[in-house]
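Within every chain, numbering begins at 1; the chains are lettered A, B, ... in the order of the sequence lines, protein sequences first and strands thereafter. Worth saying up front: this structure is predicted, and the values here are computed from it rather than measured.
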Number of protein chains: 2
Amino acid sequence: MARQREFDEEKALDAAMQLFWEKGFEATSLSDLTSRMGIQRPSIYSTFGDKKGLFEAALRKYTSSHAAYVRTNLQTNSSVKEAFRAFFENMVAKEYEESPKRGCFCINSMVELAPHDEKFEILTREHQMYLSVIFQETIERGLRSGELDPGINAKGLAQTLLISLIGLTVFMKSRPERPFVDNSVKEILTLLR
Amino acid sequence: MARQREFDEEKALDAAMQLFWEKGFEATSLSDLTSRMGIQRPSIYSTFGDKKGLFEAALRKYTSSHAAYVRTNLQTNSSVKEAFRAFFENMVAKEYEESPKRGCFCINSMVELAPHDEKFEILTREHQMYLSVIFQETIERGLRSGELDPGINAKGLAQTLLISLIGLTVFMKSRPERPFVDNSVKEILTLLR
DNA sequence: TAAATTTCATACCAAACGGTATTTTATTTA
DNA sequence: TAAATAAAATACCGTTTGGTATGAAATTTA
């Protein structure tokens with residue numbers, strides 16, 4: 001044993017996450033990272049391997065905390081319809097406060113990296129699959145309680161809601177007028193009859 | 001007047017479009033561009049200004065041809081439901097043949113550039129708005145013919161279909177299993193009752 | 001045919017890139 | 001306290017980046 005680490009690895013990783021989330025992989029330079037993370041280049045390389053390794057660690061941190069956020073969010077409300085409504089509306093409201101519009105780090109990575117890097121193709125797909133399972137379980141809860149129409153296909157509907165969520169998230173990056181998005185949210189939620 | 005141009009500007013621009021579409025703005029270098037466009041650096045700069053100018057020209061070329069494609073595609077079929085079904089299914093089928101998954105150049109740009117560059121925020125938003133108008137007009141045609149439920153809100157439904165299309169396009173970049181996407185398409189189209 | 005003009009090709013530029021070797025500083029163990 | 005070890009800081013590396021200056025080649029107009 002010898003000298004002890006002076007920086008907090010989790011805090012440094014969080015700073016990197018914020019940066020990659022906002023600017024993406026290519027547009028974020030090592031200089032950006034060192035200044036925002038508050039550590040020197042060699043510390044990054046000794047701790048995370050290389051730039052891609054750091055990005056991967058940041059994305060994993062994001063997906064795990066995002067998954068937890070979605071899960072608790074959908075479980076708190078006893079009404080399933082109300083839970084989804086609050087979840088979608090909250091997501092829209094939050095994004096309209098953002099500037100620049102960061103959207104979802106995982107979706108951003110899906111667009112920038114997944115098509116050219118199998119590791120990120122798998123990582124992003126698995127996160128989306130996990131979200132669709134959370135959606136499905138929530139819908140199934142609504143079916144058991146009798147709140148939802150028994151004719152509903154839980155899995156199919158979950159997948160559709162997830163795709164709508166992705167579409168909303170991406171579309172908001174172009175700063176469309178609010179009613180456009182609000183109306184779509186309403187319409188999408190009618191699938192939860 | 002003097003020496004005449006040796007390269008075809010449209011062909012060169014098309015080559016640039018393919019490259020930017022596949023790799024995005026940041027990941028495409030001037031060297032990539034010169035070799036694929038078949039012309040030298042100075043020709044690019046004298047013709048298109050700079051890298052961003054070339055990208056913008058390429059994106060404009062894409063959006064105008066894409067808009068025309070969508071318009072004719074939705075107008076050919078007399079049945080509106082059938083037109084949308086064919087359009088969505090065709091789009092999914094085409095994307096599953098692609099490798100790497102290029103998705104939609106406009107959507108890719110919305111994710112990479114729109115949040116940090118107002119010019120692209122506007123450009124991408126306006127293209128989406130245009131698409132939603134095409135959708136809306138198609139739905140209104142179905143309302144007039146009596147094919148669609150008169151209770152349908154043409155504008156709202158058009159916007160929702162557009163957002164679903166965006167979600168599908170982006171999601172396919174992570175190479176999800178085909179049934180996931182196919183089921184969602186079916187479910188989305190049920191909104192066209 | 002000669003002057004004028006524009007394109008093309010080569011070569012080049014400073015700056016920024018991702019990544020490391022090296023030295024200094026701090027802490028632990030023997 | 002001395003040797004060993006690991007982290008921090010500085011300085012540096014070759015390569016690639018986007019962007020140009022320059023001169024040769026070609027076509028027009030006068």
Atom pair distance, as rounded to whole Å: OH in Tyr45(A) and P in dA7(D): 18 Å
message: Regarding Arg175(A) and Glu121(B), does a basic nitrogen lie under 4.0 Å from an acidic carboxylate oxygen?
response: yes
- request: Ignoring backbone atoms, establish whether Gln40(B) has a side-chain N or O less than 4.0 Å from OP1 or OP2 of dC8(C).
  value: no
- request: Just call it for Ser46(A): base, sugar-phosphate, or nothing, with non-hydrogen atoms closer than 4.0 Å on any strand.
  value: nothing
- line: To the nearest angstrom, the CD1-P distance between Ile44(B) and dT20(D) comes to 13 Å
message: Can you classify the ring geometry of His66(B) versus Tyr62(B) as parallel (below 30°), tilted (30 to 60°) or perpendicular (above 60°)?
response: parallel
message: Atom CD of residue position Glu98(B) - does it have more than 12 heavy atoms of other residues, nucleotides or ligands inside 6.0 Å?
response: yes
message: Go nucleotide by nucleotide along DNA chain D from the 5' end; which of Glu6(A) and Lys51(B) gets its closest nucleotide reached first?
response: Glu6(A)
field: N or O in side chain of Ser29(B) less than 4.0 angstrom from dT17(D) OP1/OP2
entry: yes
query: Which whole-number value in Å describes the distance from Glu26(A) CD to dT17(D) C1'?
result: 12 Å
statement: Here the distance between atom P of dT28(C) and atom CZ of Arg5(A), to the nearest Å, is 15 Å
- prompt: Does Gln4(B) make a side-chain N or O approach to OP1 or OP2 of dA26(D) shorter than 4.0 Å?
  reply: no
- request: Using the six-membered ring wherever Trp is involved, compare the ring planes of Phe55(B) and Phe105(B) and label them parallel, tilted or perpendicular (cut-offs 30° and 60°).
  value: perpendicular
message: Taking any heavy-atom pair under 4.0 Å as a contact, classify Thr28(A): base, sugar-phosphate, or nothing.
response: sugar-phosphate
Beyond-backbone contact of Phe20(A) with Glu112(A), side-chain heavy atoms, under 4.5 angstrom: no
message: Between P on dA8(D) and CZ on Phe7(A), what's the gap in Å once rounded to a whole number?
response: 5 Å
- request: Can you tell me the distance, in whole Å, between the CD1 atom of Ile39(B) and the C1' atom of dT10(C)?
  value: 16 Å
- prompt: When the distance from CZ of Arg41(A) to P of dC13(D) is rounded to whole Å, what number comes out?
  reply: 15 Å
statement: Against the side chain of Ser31(A), the closest entry in dC17(C), dA8(D), dT10(C) is dC17(C)
message: For Leu30(A) and Thr47(B), find the nucleotide of DNA chain C closest to each by heavy atoms; which residue's nucleotide sits nearer the 5' end?
response: Thr47(B)
- request: Rounded to the nearest angstrom, tell me the gap between atom CG in Leu33(A) and atom P in dG19(C).
  value: 11 Å
